[in-house]
Protein chains: 2
Amino acid sequence: MEKRNLSLAHEAMQRHASEAERFLKELANANRLMVLCHLVSGEKNVGDIAEAVGLSQSALSQHLARLKDAGLITSERRGLMIYYRLCSAEAQAVLAVLQLIFCREHP
Amino acid sequence: MEKRNLSLAHEAMQRHASEAERFLKELANANRLMVLCHLVSGEKNVGDIAEAVGLSQSALSQHLARLKDAGLITSERRGLMIYYRLCSAEAQAVLAVLQLIFCREHP
DNA sequence: ATTCTATTTTAGCAATATCTAAAATACTTA
DNA sequence: TAAGTATTTTAGATATTGCTAAAATAGAAT
């Protein structure tokens, strides 16, 4: 039973690690991080985000689709524009830690 | 001065985001995450880690070299074996958050 | 010195990521 | 309905990732 427990623990660890990997890969990109940081202060439309982040609309749209597919953001159309907002508490938690680490005034 | 401040802020944000990206890319891999998690409980040699994580020594060695290069771990030879240990408070902080998110008993 | 054990390095390959440019879609307004 | 605006989708090019297999190193033991 010891061996079986160990391999069960190992499989659980692998499963958790794979989930964490999928999650972290969404964040591990400077442009997507900037998008998410901009969304922390409230919803924004694509054009506004593109300007803030400095990306072509097409490139940004692909990032947004990815983040939405991963469940980190949601979108809502109102008139011509489509507004995106953060919807993941987990992402917000990690963003907060990253901000402490990388966005200090005096590193 | 407004425009210049904005672009300064934007450049600072880009710099921070790029640093965070480099950091996150090191973590955004299930095998490296498992390595780091094993090192949280203290130093280990390569063979032990390879067995715990289930990777070939060569593949593991390449991951370890990467993590070391990124400043997340250090190594020390004692006799035949080389021991690795975690040396990044930042990595530990993020690992702690990830554990809360992904390693709960009841998700 | 030769051999053994632990680990690293190199080369090469298949899969993934990310951009640009061009075409397509969706809603609005004239 | 035609034209305009906002956004998405597709295609393709280039770079990066992460493995395996084979060769190279480093220190220990015989």
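These numbers were taken from a predicted model, which means no experiment stands behind them. Each chain gets a letter, A, B and so on, in the order the sequences are listed, and its residues count up from 1. Basis for what follows: all heavy atoms, side chains included, without hydrogens, waters or symmetry-related copies.
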Does the side chain of A:Gln14 come under 3.5 Å of the side chain of A:Ser18 through a donor N or O and an acceptor N or O?
no
Exercise for review: Scan side-chain atoms only and decide if A:Ser88 and A:Gln92 contain a donor-acceptor pair under the 3.5 Å cut-off.
Suggested key: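 Absent: no donor and acceptor within the cut-off.
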Taken to the nearest whole Å, CZ/A:Arg22 to C1'/C:dA17 is 17 Å
- Starting from the 5' end of DNA chain C, give me the residue, A:Asn31 or A:Gly79, whose nearest nucleotide shows up first.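 Here A:Asn31 is the residue nearer the 5' end.
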Hey, does [X] reach any base, or is it just sugar-phosphate, or nothing, if we go heavy atoms under 4.0 Å?
| X | result |
| --- | --- |
| A:Arg78 | nothing |
| A:Leu80 | base |
| B:Arg32 | sugar-phosphate |
| A:Tyr84 | sugar-phosphate |

Note to self: So if I take the C1' atoms of five pairs at each end of the helix from C:dA1-D:dT30 to C:dA30-D:dT1 and get each local axis, what angle do the two axes make, rounded to 10 degrees?
What the structure shows: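 Rounded value for the end-axis angle: 0°.
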Note to self: At less than 4.0 Å, is any side-chain N or O atom of A:His63 found next to OP1 or OP2 of C:dA17? Yes or no.
What the structure shows: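 Checking C:dA17 against A:His63, no side-chain N or O comes under 4.0 Å of OP1 or OP2.
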Q. Salt bridge between A:Arg15 and A:Glu19, side-chain N to carboxylate O under 4.0 Å?
A.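 No, this pair does not count.
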* Asked: Which sits closer to the 5' end of DNA chain D, B:Lys25 or A:Val46, going by the nucleotide each is nearest to?
  ->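 Closest to the 5' end, via its nearest nucleotide, is A:Val46.
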query = Which atom pair, heavy atoms only, marks the closest approach of B:His38 to A:Met13?
reply =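 Closest approach of B:His38 to A:Met13: NE2-SD, 3.8 Å.
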Its 5'-most and 3'-most nucleotides having an atom under 4.0 Å from a non-hydrogen atom of chain A, DNA chain D is contacted over D:dT5 to D:dG18
